Amino acid sequence: MSSVFKKANVVVIGGGIFGCAIAYYYTRNHPGKRLVVLERNEICNAATSRAAALMTIIRSKRSYIPLSMETYRIVSALETQLGESLGMKVVGMMHLAVSEPKVRELEDLMTIAEEFKQPAHYLTGTQARSMAPWLDTGEAMKIGFMPDEAYCDPYLLGTFFARCAKHNGAEIVQGCPVTGLLYANNVLCGVKTSRGNVEADIVIDAAGAWAPVWGMKAQVGIPMAPVRSQYWITEKSDIFPEDSPIVLLPDAQAYARPEGGGLLFGVREKRSLYTSPEKIPPDISHFVFSEDKGMNDLAENADKLARFFPAFYETGIKYYVAGFSGYTPDGQLVIGKAPIAENFLIAGGCCGAGISVAGGVGLAVAELAAGVRSPYDLSAFNPERFGTIDPFSVEWLEKCAASRSKKTSG
Ligand SMILES: Cc1cc2nc3c(=O)[nH]c(=O)nc-3n(C[C@H](O)[C@H](O)[C@H](O)COP(=O)(O)OP(=O)(O)OC[C@H]3O[C@@H](n4cnc5c(N)ncnc54)[C@H](O)[C@@H]3O)c2cc1C
């Protein structure tokens, strides 16, 4: 087991994809500076390893797009550094609209794609069906296709960041819970861990769903809440070819992509399940999100899904995956510093898009930690945009959960 730096320029709480990406960019851009990531379990064990990992670039939230574009850019640099392939699946993303409002949203997305110089075009129903044989396009009013969109193995991407960061000199310590914040003369100067104190000029809270717990200790109400994301994977069938695209069904608030010969699909439930950050156990591998494994939500949405996926009722479900993501009421990330807490930086509020934006978040937060201006406009992600909030109150948690229930994007 490696020793923990006792003194570093930066200490990161949490070795999920955000913590690992921050470590990579900081050590790449600021050689000679010391950074340590403290992870209480194994890196990428929590939300990161559970993600469906759609790496959506083109979405209605323009603020996310440059961050996701950075993720795509950096994948090839990580692959070169490690001499290994991430095996990213660039299969494209189809958007199928069957109502006037969703057609208008799709038209807006096509404009956004043009603005960001991303390829996009419309498909006929026959073309769409030949690419995704499980899909019924009969009701489609318009079908858009973004051929450069991809999905990946999220655990592998997180560990690629971590391994490259280690090569660059970062220390990544696993099995090391942060147990408290360290203050000298009322100024934050590091963290306490199960293996002793780590002094640092900057503390970064990248603790995922647990981030508000550390925020509170620094007197900062981090405006996000842990909300369950869930998806199912069907049994194998020839109607789910490995190279078929990701499909977004905004009228059904659903998405799907191939996975191991089956179909991985998710739906947004009417009322999303949430909890208070203090109530999530440190290891969620045995955590029971709901006894019914989301089956009631699936039943509630079954007819909506079957409208587009006629074989739905005859296809067996093999796997169920659930995890907590940090949601915010406006669906924007929480990135930056809360002026009330000197030396405390936040990288959270992923809103179920943390794999796709990991590159941009890592770069932006690494630069802020080094006292350099972020290359992106982070104003939409300002941790203080909701004023003073209590991240543990039921009213706040419900507000955040509602933002997932309304989601129609990937
Ligand atoms: C079911 C599901 C589907 C998803 N699908 C997608 C998708 O399609 N596309 C997409 O982009 N995103 C998706 N996401 C979201 C994505 O997984 C998250 O946005 C991303 O993983 C967040 O990374 P993180 O580093 O912030 O959090 P995490 O990966 O949760 O990492 C936080 C880490 O902090 C550690 N930690 C907490 N407290 C302490 C402590 N006291 N001391 C030390 N360590 C601590 C935890 O152990 C954990 O490893 C999905 C998420 C889920 C759950």
Side-chain angles (χ1 to χ4, degrees), residues 11-23 36-57 59 64 67-68 71 93 149-152 154-155 157-158 161-162 172-181 191-195 198 204-214 217 224 226-233 246 248 255-257 259 264-266 277-278 280-285 289 294 319-327 333-335 346-359 361-362 365 404 407 409-410:
V11 63
V12 182
I13 310 174
I17 200 164
F18 279 4
C20 295
I22 294 164
V36 55
V37 177
L38 301 170
E39 167 54 53
R40 66 177 159 203
N41 301 313
E42 288 165 7
I43 57 165
C44 303
N45 75 95
T48 299
S49 58
R50 287 153 194 257
L54 312 192
M55 299 170 73
T56 313
I57 300 177
R59 53 174 85 230
Y64 279 42
L67 308 182
S68 299
T71 311
M93 187 178 279
E149 303 272 18
Y151 65 91
C152 71
Y155 176 77
L157 178 56
F161 276 123
I172 298 182
V173 189
Q174 306 185 79
C176 184
V178 172
T179 54
L181 299 181
V191 298
K192 299 174 189 171
T193 84
S194 59
R195 298 198 219 163
V198 182
I204 300 178
D205 183 355
W210 297 269
V213 173
W214 297 101
K217 290 190 201 289
M224 55 175 267
V227 180
R228 180 188 61 183
S229 297
Q230 56 184 353
Y231 58 79
W232 296 263
I233 303 173
I246 302 161
L248 294 193
Y255 65 87
R257 69 160 174 84
E259 175 66 41
L264 179 161
F265 67 92
E278 315 149 291
I280 315 174
D283 179 355
I284 57 166
S285 53
F289 286 84
Y319 303 102
Y320 169 70
V321 178
F324 282 119
S325 288
Y327 273 82
L333 296 154
V334 184
I335 302 288
I346 305 154
C350 68
C351 294
I355 307 303
S356 95
V357 297
V361 169
V365 177
R404 178 181 147 83
K407 200 171 163 183
S409 63

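Atoms within each ligand, like the ligands themselves, are counted from 1 in listed order. Starting from 1, each residue takes its place in the sequence as its number. Just so we're clear, the structure is a prediction, and the values are computed from it rather than from any experiment. Computed over heavy atoms, backbone and side chain alike; hydrogens, waters and symmetry mates excluded.
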Visitor: Among Gly352, Gly266, Gly326, which one has a heavy atom closest to atom 13 (C) of ligand 1?
Guide: Gly352
Visitor: Heavy atoms only: which of Pro277, Ala51, Ser68, Gly14 is nearest to atom 14 (N) of ligand 1?
Guide: Ala51
Visitor: If you count the atoms of ligand 1 from 1 in the order shown, which ones are under 4.0 Å from a heavy atom of Ala46?
Guide: 30 (O), 48 (C)
Visitor: Taking CD in Glu42 as the centre, count heavy atoms belonging to other residues, nucleotides or ligands within less than 6.0 Å. Is the count above 12?
Guide: no
Visitor: Can you find an N/O atom of Glu39 closer than 3.5 Å to an N/O atom of ligand 1?
Guide: yes
Visitor: Looking at Glu149 and Met93, would you say the former's side chain and the latter's main chain have a donor-acceptor pair under 3.5 Å?
Guide: no
Visitor: Do the numbers put Arg257 on top of the ring of Tyr151, so that NZ or CZ is under 6.0 Å from the six-membered ring centre and no more than 45° off the axis?
Guide: yes
Visitor: Between Phe265 and Trp232, what is the ring plane arrangement, given parallel below 30°, perpendicular above 60°, and tilted in between?
Guide: parallel
Visitor: Going by the order shown, which atoms of ligand 1 are within less than 4.0 Å of some heavy atom of Tyr231?
Guide: 1 (C), 3 (C)
Visitor: Would you tell me which option among Ser325, Ser229, Ala353 has the nearest heavy-atom contact to atom 2 (C) of ligand 1?
Guide: Ser229
Visitor: Does Ser356 reach the main-chain N or O of Ser68 with its side chain, forming a donor-acceptor pair under 3.5 Å?
Guide: no
Visitor: Which of the atoms in ligand 1, numbered in the order shown and given with their element, are less than 4.0 Å from a heavy-atom of Asn41?
Guide: 47 (O)
Visitor: Taking distance alone, with N or O pairs closer than 3.5 Å, would you say Cys176 contacts ligand 1?
Guide: no
Visitor: Quick check on Tyr151 - does any of its heavy atoms sit under 4.0 Å from an atom of ligand 1?
Guide: no
Visitor: Does ligand 1 come near enough to Asn45 that some N or O of the ligand is less than 3.5 Å from an N or O of the residue?
Guide: yes
Visitor: Within the side chain of Thr193, is there an N or O that forms a donor-acceptor pair under 3.5 Å with the backbone of Cys176?
Guide: no
Visitor: With nothing but distance in play, are any N or O atoms of Pro177 less than 3.5 Å from an N or O of ligand 1?
Guide: no
Visitor: Which bit of Ala211 is near ligand 1, meaning a heavy atom under 4.0 Å away: side chain, backbone, both or neither?
Guide: neither
Visitor: Pick from Tyr320, Tyr255, Tyr319: which one makes a side-chain contact (heavy atoms from CB on, under 4.5 Å) with Tyr231?
Guide: Tyr255
Visitor: Can you tell me if Gly348 has a non-hydrogen atom under 4.0 Å from ligand 1?
Guide: no
Visitor: May I ask you to decide if Lys192's main-chain N or O and Thr179's side chain share a donor-acceptor pair within less than 3.5 Å?
Guide: yes
Visitor: Given Gly158, Cys44, Gly15, Gly208, which has its nearest heavy atom closest to atom 27 (O) of ligand 1?
Guide: Gly208
Visitor: When you look for heavy atoms under 4.0 Å from ligand 1, do you find them on the side chain of Phe18, its backbone, both, or neither?
Guide: both
Visitor: Any nitrogen or oxygen of Gly19 lying under 3.5 Å from a nitrogen or oxygen in ligand 1? Just yes or no.
Guide: no
